[in-house]
K.L.:
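Quick one: the structure is below, questions incoming.
The analysis underlying the following values was restricted to heavy atoms, covering all of them including side chains, and did not include hydrogens, waters or symmetry mates.
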Amino acid sequence: MKKLLFIIIIVILAGYVFIHGIPESIVDWVNDHRETTEEEYESEAVSDDADSDSDGTLTSTADIGLTTYDGANYSFTYKGEEFRTLYQNDCWTIYDSYKITNKSDMKIICQALIDVHPVHGKDLSSYRTAEDMVYEWDQHNIAYKYLTEDSAWKESAGNVDLDPYDQGRSFEEIYEDRTGEKFSIKEEIKESLKDGSFFDKAKRFFQ
């Protein structure tokens with residue numbers, strides 16, 4: 001019964017939006033609460049980790065067994081799974097990085113990488129730390145969790161590029177830089193109504 005009532009309410013709201021547009025008060029409310037929603041997405045386990053801020057399984061950089069065969073292509077092991085990573089042009093790329101969400105372990109992995117090849121900071125004179133790399137990695141994880149499977153950015157968000165350019169940037173700032181468009185929840189709702197993903201996104205929002 002609750003599901004039926006929910007669907008009826010969403011249909012009514014969708015119809016209203018098509019006819020009258022989205023009331024500014026709703027847009028403002030959603031924007032005010034977007035950070036809380038992103039934190040909720042972040043806190044949900046992407047992998048088997050129950051808490052991304054809890055103590056990890058790694059104790060030192062040696063635990064991941066970072067190896068290379070040519071000085072550019074590297075691999076490391078985390079929880080029995082092998083991950084590929086590439087160092088090129090002052091940038092570390094970790095493939096399938098979305099699978100790793102424990103921040104303590106992420107920090108040790110980043111430290112292992114920059115111990116081999118340091119990466120410059122945004123000012124191109126300082127060097128990035130494991131801590132600020134974890135922040136950027138975490139923003140990619142949030143994006144990967146938020147984006148739907150048919151999003152053109154889904155695959156990109158699943159691999160993190162740790163370079164000077166994106167140091168300190170939030171998910172919204174990275175999105176706006178890549179697309180040249182302002183991230184707007186209003187536009188997100190409009191697009192989801194057009195492509196039919198509105199109901200799915202609405203259910204995820206209210207879960």
Side-chain angles (χ1 to χ4, degrees), residues 35 37-70 72-119 128-175 177-178 197 200-201 203-205 207:
E35 288 186 7
T37 304
E38 289 173 356
E39 288 172 3
E40 289 173 356
Y41 281 139
E42 179 183 2
S43 66
E44 293 175 6
V46 177
S47 66
D48 293 334
D49 293 322
D51 184 357
S52 63
D53 292 313
S54 66
D55 291 336
T57 60
L58 303 177
T59 58
S60 75
T61 56
D63 291 343
I64 67 172
L66 184 66
T67 58
T68 181
Y69 63 85
D70 63 0
N73 290 279
Y74 288 75
S75 65
F76 64 88
T77 302
Y78 179 71
K79 289 189 174 182
E81 182 175 353
E82 184 175 84
F83 288 82
R84 293 187 306 113
T85 183
L86 172 69
Y87 177 77
Q88 188 174 336
N89 300 324
D90 211 16
C91 172
W92 276 105
T93 299
I94 305 174
Y95 298 99
D96 297 324
S97 55
Y98 72 93
K99 295 180 179 180
I100 305 174
T101 60
N102 184 279
K103 292 179 184 177
S104 175
D105 289 343
M106 290 158 67
K107 181 179 176 181
I108 290 176
I109 292 169
C110 288
Q111 187 62 55
L113 299 182
I114 59 179
D115 281 348
V116 176
H117 291 295
V119 173
R128 298 197 61 171
T129 65
E131 288 84 358
D132 78 63
M133 282 183 161
V134 169
Y135 174 78
E136 181 182 343
W137 187 345
D138 197 42
Q139 297 307 298
H140 275 254
N141 284 351
I142 293 172
Y144 188 85
K145 184 72 174 177
Y146 171 80
L147 296 168
T148 57
E149 291 298 327
D150 60 350
S151 171
W153 295 96
K154 185 78 170 181
E155 183 177 353
S156 176
N159 307 316
V160 64
D161 293 320
L162 301 168
D163 57 19
Y165 194 62
D166 287 329
Q167 183 182 27
R169 288 188 172 185
S170 67
F171 158 51
E172 292 181 356
E173 290 171 326
I174 293 172
Y175 173 89
D177 178 72
R178 298 294 191 275
S197 64
D200 178 61
K201 288 184 178 180
K203 283 196 295 184
R204 290 172 64 205
F205 182 81
Q207 281 176 349

K.L.:
Provide the closest heavy-atom pair for D166 versus E136 in the form atom of the first, atom of the second, distance.
P.N.:
CB-OE2, 3.5 Å
K.L.:
Would you please classify the geometry between the Y144 ring and the Y98 ring as parallel, tilted or perpendicular, with 30° and 60° separating the classes?
P.N.:
parallel
K.L.:
I need the F76 CZ to I94 CD1 distance, nearest 0.5 Å.
P.N.:
5.0 Å
K.L.:
Looking at CG of D63 and OG1 of T77, how far apart are the two atoms once the value is rounded to the nearest 0.5 Å?
P.N.:
11.0 Å
K.L.:
Specify the closest pair of heavy atoms between M106 and N141, including all atoms of both residues, with the distance to one decimal.
P.N.:
CE-ND2, 4.0 Å
K.L.:
Please report the closest heavy-atom contact between Q167 and D132, naming both atoms and the distance.
P.N.:
NE2-OD2, 3.3 Å
K.L.:
Going from OH on Y135 to NZ on K103, what distance comes out if it is rounded to the nearest 0.5 angstrom?
P.N.:
10.0 Å
K.L.:
Does W137 form a side-chain contact (heavy atoms from CB on, under 4.5 Å) with I100? I'd like the steps, not just the answer.
P.N.:
CA-CA 9 Å; W137 187 345; I100 305 174; 3.7 Å; yes
K.L.:
With side-chain contact (heavy atoms from CB on, under 4.5 Å) as the test, would you mind laying out the steps for Q88 and T93 before giving the verdict?
P.N.:
CA-CA 8 Å; Q88 188 174 336; T93 299; over 6 Å; no
K.L.:
Might you point out which heavy atoms bring G56 and D105 nearest each other, and give the distance in Å?
P.N.:
CA-OD1, 3.2 Å
K.L.:
Determine whether N102 and L58 satisfy the following criterion, side-chain contact (heavy atoms from CB on, under 4.5 Å), listing intermediate values before the conclusion.
P.N.:
CA-CA 10 Å; N102 184 279; L58 303 177; over 6 Å; no
K.L.:
Identify the heavy atoms of V119 and Y87 that sit nearest to each other, and give their distance.
P.N.:
CG2-CE1, 4.4 Å
K.L.:
Is the H117 ring parallel, tilted or perpendicular to the W92 ring (thresholds 30°, 60°)?
P.N.:
tilted
K.L.:
Could you tell me which non-hydrogen atom of A157 sits nearest to which non-hydrogen atom of A143, and how far apart they are?
P.N.:
CB-CB, 4.0 Å
K.L.:
Distance check, rounded to the nearest 0.5 Å: L86 atom CG versus S75 atom OG?
P.N.:
12.0 Å
K.L.:
Test side-chain contact (heavy atoms from CB on, under 4.5 Å) on I64 and F83 and set out the steps.
P.N.:
CA-CA 10 Å; I64 67 172; F83 288 82; over 6 Å; no
K.L.:
Does atom NZ (K107) have a neighbourhood of more than 12 heavy atoms from anything else shown, all under 6.0 Å?
P.N.:
no
K.L.:
Can you tell me if T68 uses its side chain to pair, donor with acceptor, with the backbone of N73 under 3.5 Å?
P.N.:
yes
K.L.:
When you measure from the side chain of N89 to the backbone of C91, do you find a donor-acceptor pair of N or O atoms at a distance under 3.5 Å?
P.N.:
no
K.L.:
From S97 OG over to I109 CD1, what is the distance, rounded to the nearest 0.5 angstrom?
P.N.:
10.0 Å
K.L.:
In Å and rounded to the nearest 0.5 Å, what is the CZ to CD1 distance from R128 to I114?
P.N.:
9.0 Å
K.L.:
Do other residues, nucleotides or ligands put more than 12 heavy atoms under 6.0 Å from E155 CD?
P.N.:
no
